[in-house]
Every structure is written in C-alpha cells, then in structure tokens.
Amino acid sequence: MGSVVVPLLLLVWDSSAQLEVAVVERSGELLLHSGSPYIPAPATVGDYNPYLPGMAAFGLPHALFGSGPLTDARWWMAGAFFVTTAAATRTLVRRARGGAAGRPGTPTASRCANAPVLLRLAACPLVALPLAVGGIDLPVIGLMCWGLAAAANGTPGRAGLLIGAAAALKWTAWPAVPVVLALVAARHGRRSVLAAAAATALTVSIAVLPFLLTAPGAFVENVLAFPLGLSGATSPAASPLPGWLLATYVPGGPIIAMVLLAVAAIGVAGSLAVRPPRTVRAAADRLALGLALAMALMPATRFGYLVYPLVLSAWPRLMQVATRPGSAICRRSLDHASLSDVVRGGLSEDIGPGIVPSPGQRQADGLRQGCGRGATWAFRSE
C-alpha cells in the first residue's frame, strides 16, 4: 500500500508520470486514427516511440475514452504485470499439483502462492518505482516469466506465443527467445522446440510486420535509429554504467562497448548450447545474467533496466519461499518434489550420471523434508 498503491493514486490524480507514459498513450491514439503508432518525422525526444507496435495496446483506453484517472496507461501496464506474473506462478503450481493428483486442497494452493509472490515483488523498490511512475518494462517481464513457466510445463506452443507477445512489446524480450527454446529442448525434445519457435515467429510477425511494411521509414527511425543514437535526437536513457562510461570517456568507446556486448552475447549463447537449462530457475538465472550484461554494456541504457534481472532471478526463488514447508501451500498438501523439480531441479541433475555424491550431498539427499504425504524438498546449487 505504501510503496505502490498510494504513490500511484497520487501521481495519477496529479497527472504526473514519466515521459514514456505519454509516449504510449500517444501511440495508442496514432494507432487508432492513423493505423501506425509512429510519427513519420519525429523532431524532439518526446516525438519518438522506441517501443514495438504491441506496446500501443496499453494506450488504447486513453485513445478510446479520453484523458481520465482510469485511462492512464499505468493502470493497464501494472494490471498486465500482475496478471501475467500470477499466471506464471499458477502454471508452475499446476504442474506440481499434477504430481499430487487429486489431493484435496490443491486447487487452493495456486491461489495461495500468488499472493506472497506478487506482494514481495511489488514491494521491492526497483519494481514499486516503475509501477508508480511508468511501468513500460513490467508487462514484458511478466510475459517472460509466464513463457518460462509454460516452457517447463510442457506447453511449448503457449510458451512461444507468450515470448512472442513479449517480443512484440519491446526488444528487451528478444534474449528470452533462445533461453526458452533451450529450456524446451532440454525438457521436451526438438519437436517441441519447433512448435515453440513457430509460435514465437508467428506472433512477432503478426504484430510487427504490418507496421514495418506499411511505414518502414517511421519504424526504422523510431525503433532502431533512436535507441542506437543514430537519429536527430539523443535518447535520455543514460546512466553511468560501464557501457555508457566507455562510450563517453574512452576514445573508440562505443565500438569497444559493442564488442564487449557481442562477446557477452556469444558467451551466454554458448552456455545455452553446452549446458542448456533444465529448470525454470536455471533458465531464469541464465536470462537474468544475459540481460544484466546487456544492460551494463550498452552505450545508452539506464539503471531502471536492472528490474529485468532482478525480477527474473527473484521470481523462482520467491516461488520456493511461498511453498516452503510450513507455508499455507504446504498445509494444503502440495507436492514439493514436483514443484522443486520444475523450479529448481533435483540433486541428480547436479551430480550427473556415474559420479559419486559428496557426503554433504548424500546427507542433504537423505534429509529431504516436506509436509503432506510423500512430499520432499530437493536442494540444488544452481
């Protein structure tokens, strides 16, 4: 209430917001009246719309019903974040519930998991601030979490649709595509990868290609040239992170930063090929690492983008906090072995075949704890 609801109400009532909110609302108006969310010849920073066409959907309420407290784009972006994150949590709990087939009380477990996870995420200052003043990145993050959960849940088509929807909102979701495909391949095989990749490509194509083909100049100027610093206006997204410091103070710094960014991308891609993630937590950590490196090394970026690695690394861990022994979900007989296998993984994956476990690992394996009949709690370093 203190970190999100009250500040958001006061700022909406005062019509105070970051520039990105006005950009999204204007893009909704442009989409409704001209068929394109982009100004053909932007002149000032406020004229540019660096987001992909899907983001304009959050400006449609303002375009349809005019200015007002309820049509502020922040409500709809915050709502999308909470809905998608809750759906991601429910997807994982539903998979764990499948391991506890038919146990009484399990339908309530997914609802009990959502509240602590969502409240802890929203109360974090790095999440609460954008919820109150902007919130552009939060729907993207929610869709990424849901896509990871769907990939682990054995629904590759849905995972592809969700990641494609995130990629149609903002370019920051694109690194999630190879991570989700690697998770699907590791858990469900190559045929499932084809289904997920096709769903992603189809979703992005439907959302982006019509605007790219009908107004390529406006699309390139807004979505590509402006974020890369190749337009007539300079992006205000600047924080003293390593990439910005290199580009500003080192001769040839922009090239050095881009080379380091490429090396980091190749390294993360190589890790996906050599050791693909098999659990949601491992996949989320790999994606968080890649995005953290990208945000740190990009020449034009800002501290607010660190919300991506924060939520991606915190969400699966909060899932385990919410479902630890003694929690409300435990008291409703959720199968911890199933949930731990999806979110975190078991000991066997870390040990590997043919390797004798250490005494500490054997002790942890022997002392698995849980609640409810047959429930276990697995420990894992990754």
Side-chain angles (χ1 to χ4, degrees), residues 17-67 71-74 76-77 80 134-144 147 160-177 197-238 254 258 294 298-302 304-305:
Q18 286 185 330
L19 179 60
E20 59 196 28
V21 177
V23 170
V24 170
E25 292 176 348
R26 188 193 63 229
S27 68
E29 295 177 356
L30 289 171
L31 179 63
L32 187 64
H33 296 105
S34 69
S36 173
Y38 305 108
I39 296 177
T44 65
V45 171
D47 293 337
Y48 283 90
N49 175 16
Y51 313 118
L52 290 167
M55 192 68 73
F58 296 108
L60 288 178
H62 182 273
L64 291 170
F65 304 106
S67 298
T71 60
D72 192 292
R74 282 171 289 184
W76 305 96
M77 291 186 287
I136 291 291
D137 298 298
L138 296 178
V140 183
I141 299 172
L143 285 168
M144 291 162 69
L161 289 173
L162 292 168
I163 294 300
L169 295 178
K170 201 173 180 183
W171 66 266
T172 45
W174 292 3
V177 175
T200 301
L202 181 63
T203 305
V204 174
S205 299
I206 291 174
V208 175
L209 281 182
F211 305 98
L212 177 60
L213 297 176
T214 56
F219 183 90
V220 171
E221 179 69 14
N222 283 270
V223 179
L224 299 178
F226 179 68
L228 294 175
L230 303 176
S231 63
T234 303
S235 171
M258 295 305 294
M298 285 178 56
T301 187
R302 58 186 179 186
Y305 287 148

Walk me through whether Phe211 and Leu31 qualify under side chain to side chain contact (heavy atoms under 4.5 Å, CB included). CA-CA 10 Å; Phe211 305 98; Leu31 179 63; 3.5 Å; yes

CD-CG distance between Glu29 and Leu64, expressed to the nearest 0.5 angstrom: 10.0 Å

Residue pair His62 / Ser67: nearest heavy atoms and the distance that separates them: NE2-OG, 3.0 Å

How many angstroms lie between CG in Leu60 and OG1 in Thr71, if you round to the nearest 0.5 Å? 11.5 Å

Donor-acceptor pair, side chain of Arg26 and main chain of Gly46, under 3.5 angstrom: yes

Non-hydrogen atoms of Glu25 and Ala73 that approach each other most closely: OE2-N, 3.1 Å

Counting C-beta onward and ignoring hydrogens, is there a side-chain heavy-atom pair between Phe226 and Val45 closer than 4.5 Å? yes

Indicate yes or no for a side-chain donor-acceptor contact from Thr203 to the backbone of Ala165 under 3.5 Å, with no hydrogens or angles considered. no

Heavy-atom closest pair (Pro42 atom, Glu221 atom, distance to 0.1 Å) is CG-CG, 3.9 Å

Smallest separation among heavy atoms of Ala218 and Pro40, with atom names: CB-CA, 3.8 Å

Heavy-atom nearest pair, Ala80 first then Pro139, reads CB-CB, 4.0 Å

So Val223 and Tyr38, do their side chains get closer than 4.5 Å, heavy atoms only? yes

I need the Ser34 OG to Ile39 CD1 distance, nearest 0.5 Å. 9.5 Å

When rounded to the nearest 0.5 angstrom, what distance separates CG in Asn49 from CG in Asn222? 6.0 Å

Phe219 vs Pro53 side-chain heavy atoms within contact, under 4.5 Å: yes

Which value, rounded to the nearest 0.5 Å, describes the distance between Thr200 atom OG1 and Leu161 atom CG? 7.5 Å

Between Met144 and Ala176, what is the shortest heavy-atom contact and its length? CE-CB, 4.0 Å

Exactly one of Val21, Ile136, Asp72, Leu169 should register a side-chain contact (heavy atoms from CB on, under 4.5 Å) with Phe58. Which one does? Leu169

Salt bridge between Lys170 and Glu20, side-chain N to carboxylate O under 4.0 Å? no

Evaluate Val140 against Tyr51 for side chain to side chain contact (heavy atoms under 4.5 Å, CB included), listing each step before the verdict. CA-CA 11 Å; Val140 183; Tyr51 313 118; over 6 Å; no

